[in-house]
Amino acid sequence: MTTAQLLNDLLDELSEEQRAEFRGTYGRIQQLPGSELPLQAFLDDFLRETVNLFAATAGVIWFREADGSGFQANTRLGFDRHGINGELADRHRELVGFAFQQTKPLVVNPYSSPQAGANVSNPTDSFIVFGPAVAGGQAIGVIELLLGPTPVRGRTSGDRDRYRLWLDHLLGFFCQGIERRLLRQAAPLDSALLGLEEVRDTIGHYQTEIRHAIEQMLARFAGWNFGSLKENQAFAKQVHQLLDENGLRAECTECGAPAILRCQAAGNSKTGVFLFDHYLDTGRTFHGGRSQFPKLRLVIKPPRRTKSDT
């Protein structure tokens, strides 16, 4: 059954008001994995929204202990109101342990075993849905939802089976959120810096290829004159825009400094002369002065000058 079919089946059982509430809650759950919430806040919000979605009376998120010897409740909501303590708590904990051995969600009826031959049972009068979060073929955590003796949503066995499937779907968002936060917390700085360096190297490679391609294209026009000052200026302007868009400048053929190529009127030249416009220690300087378009060597655009540089 697809997610869309499952959602439609569930919504068919709800009133218009409940449908809008259900969709709103589901939308918030979808957004949680990619949010900036830290891990504990993510778990708290995920459990609260999931309890609301199922109209459950209580919920718990259980996680295995680091040494694998047992499990502990990480987040609870409404659980203490159910009076599960003493011998009842021991039997309930055995049931949670059984859920940790599963790879798919299950629904356990009140005062019943989860399956034939199981040596554990539900010691409460509430229907319980368990959803194991599986990684590497083993449950690392379990979401437990208590639906109460007469579930608000899930009154028939068919309804409850759909909610088992629905919890299986939500576990995908749950695992995404945990993985994203654990990776973010555990990622070493050296690894992150190495990743940035690799990206920088890749970009540098592409920039070199772009620079060479533009140089080769402009080399075809070396020695050209386009017949008038206006047309030479228009070509020089387009060349500058192309270089600027790619973070490049022309290298001055006289001093080697990064420069903007311009065409300006000069003396008796009717078509103007091509000049290299740049700033040197002595101030703004123009080198060149040929009436033909020069052969260009391109360099990386230098940082923008500040007032302290002038």
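Heavy atoms only: backbone and side chains are in, while hydrogens, waters and symmetry mates are out. Quick caveat, the model's predicted, so the values are computed rather than measured.
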Closest heavy-atom pair and its distance - Pro123, Tyr111: O-CE2, 3.5 Å
Residue of the set Leu242, Val299, Leu243 for which side-chain contact (heavy atoms from CB on, under 4.5 Å) holds with Leu248: Leu243
Nearest heavy-atom neighbours spanning Gly223 and Gln292: O-CG, 3.3 Å
Geometric class of the Trp166/Phe22 ring pair [parallel <30°, tilted 30-60°, perpendicular >60°]: tilted
From CA spacing to verdict: side chain to side chain contact (heavy atoms under 4.5 Å, CB included), Thr208, Arg211: CA-CA 5 Å; Thr208 299; Arg211 177 160 52 88; 4.0 Å; yes
Aromatic plane relationship, Phe274 with Phe293 - under 30° parallel, 30 to 60° tilted, over 60° perpendicular: perpendicular
Ser112 side chain to Pro110 backbone, donor-acceptor under 3.5 Å: yes
From CG (Asp44) to CG (Leu37), nearest 0.5 Å: 9.5 Å
Member of Ile210, Leu298, Ile300 meeting the side-chain contact (heavy atoms from CB on, under 4.5 Å) criterion with Asn246: Ile210
Side chain to side chain, Leu146 and Ile84, heavy atoms closer than 4.5 Å: yes
Residue pairs, two or more places apart or on separate chains, that pass salt bridge (charged side-chain N to carboxylate O under 4.0 Å, His left out) and touch residues 228-253: Asp244-Arg249, Asp244-Lys301, Glu251-Arg297
Test log, rule side chain to side chain contact (heavy atoms under 4.5 Å, CB included), inputs Phe63 and Ile178: CA-CA 12 Å; Phe63 279 113; Ile178 292 175; 3.7 Å; yes
Mutual orientation of the aromatic rings belonging to Trp224 and Phe226 [parallel < 30°, tilted 30-60°, perpendicular > 60°]: tilted
Contact check, side chains of His287 and Leu280, non-hydrogen atoms, under 4.5 Å: yes
Heavy-atom side-chain contact between Arg76 and Leu47 under 4.5 Å: no
Whether Trp62 and Phe71 hold their rings parallel, tilted or perpendicular, with breakpoints at 30° and 60°: perpendicular
Phe46 and Phe42 aromatic ring geometry - parallel, tilted or perpendicular at 30°/60° bounds: tilted
Shortest non-hydrogen separation from Ala257 to His278 and the atoms involved: CB-CD2, 3.9 Å
Presence of salt bridge, Asp45 and Arg48, under 4.0 angstrom: yes
Set of residues satisfying ring pair (Phe, Tyr, Trp, His ring centres under 6.0 Å) with respect to Phe130, sequence neighbours excluded: none
Minimum heavy-atom distance Ser121-Pro114, with the two atoms named: CA-CD, 4.4 Å
Linked, directly or transitively: Val273 and Leu218 (ILVMFWY side chains, under 4.5 Å): no
ILVMFWY network linking Leu106 to Val142, side-chain heavy atoms under 4.5 angstrom: yes
Nearest heavy atoms of Phe79 and Gly59, plus distance in Å: CB-O, 4.5 Å
Arg284 atom CZ: more than 12 heavy-atom contacts under 6.0 Å: yes
Asn225 and Thr271 side chains, donor-acceptor separation under 3.5 Å: yes
Distance, nearest 0.5 Å, that separates NE2 of His212 from CD of Glu209: 7.5 Å
CD/Gln31: more than 12 non-hydrogen atoms of other groups inside 6.0 Å: no
Stepwise side chain to side chain contact (heavy atoms under 4.5 Å, CB included) check, Val60 with Val96: CA-CA 10 Å; Val60 187; Val96 176; over 6 Å; no
Student check: side-chain heavy atoms of Tyr26 and His169 closer than 4.5 Å: yes
Same apolar cluster (I L V M F W Y, side chains within < 4.5 Å links), Leu39/Ile29: yes
Note, His92 side chain near Glu144 side chain (heavy atom, < 4.5 Å): yes
ILVMFWY cluster, Ile140 and Ile143 together (side-chain gap under 4.5 Å): no
Interatomic spacing from CG in Leu145 to CG in Leu167 - rounded to 0.5 Å: 6.0 Å
Rounded distance (nearest 0.5 Å) linking atom CD of Glu215 with atom NZ of Lys295: 9.0 Å
Flag for Thr124-Arg91: side-chain donor and acceptor within less than 3.5 Å: no
Validation row: Phe98, Gln102 side chains within 4.5 angstrom (heavy atoms): yes
Between CG on residue Asn122 and CG on residue Leu95, distance to nearest 0.5 Å: 6.0 Å
Check: Ser113 side chain, Val120 main-chain N or O, donor-acceptor pair, under 3.5 Å: yes
CD/Glu87: more than 12 non-hydrogen atoms of other groups inside 6.0 Å: no
Hydrophobic cluster identity match, Phe100 and Leu171, side-chain contacts under 4.5 Å: no
Any Ser35 side-chain heavy atom under 4.5 Å of Arg181 side chain: yes
Contact check, side chains of Leu43 and Phe174, non-hydrogen atoms, under 4.5 Å: yes
From SG (Cys263) to CG (Asp277), nearest 0.5 Å: 13.0 Å
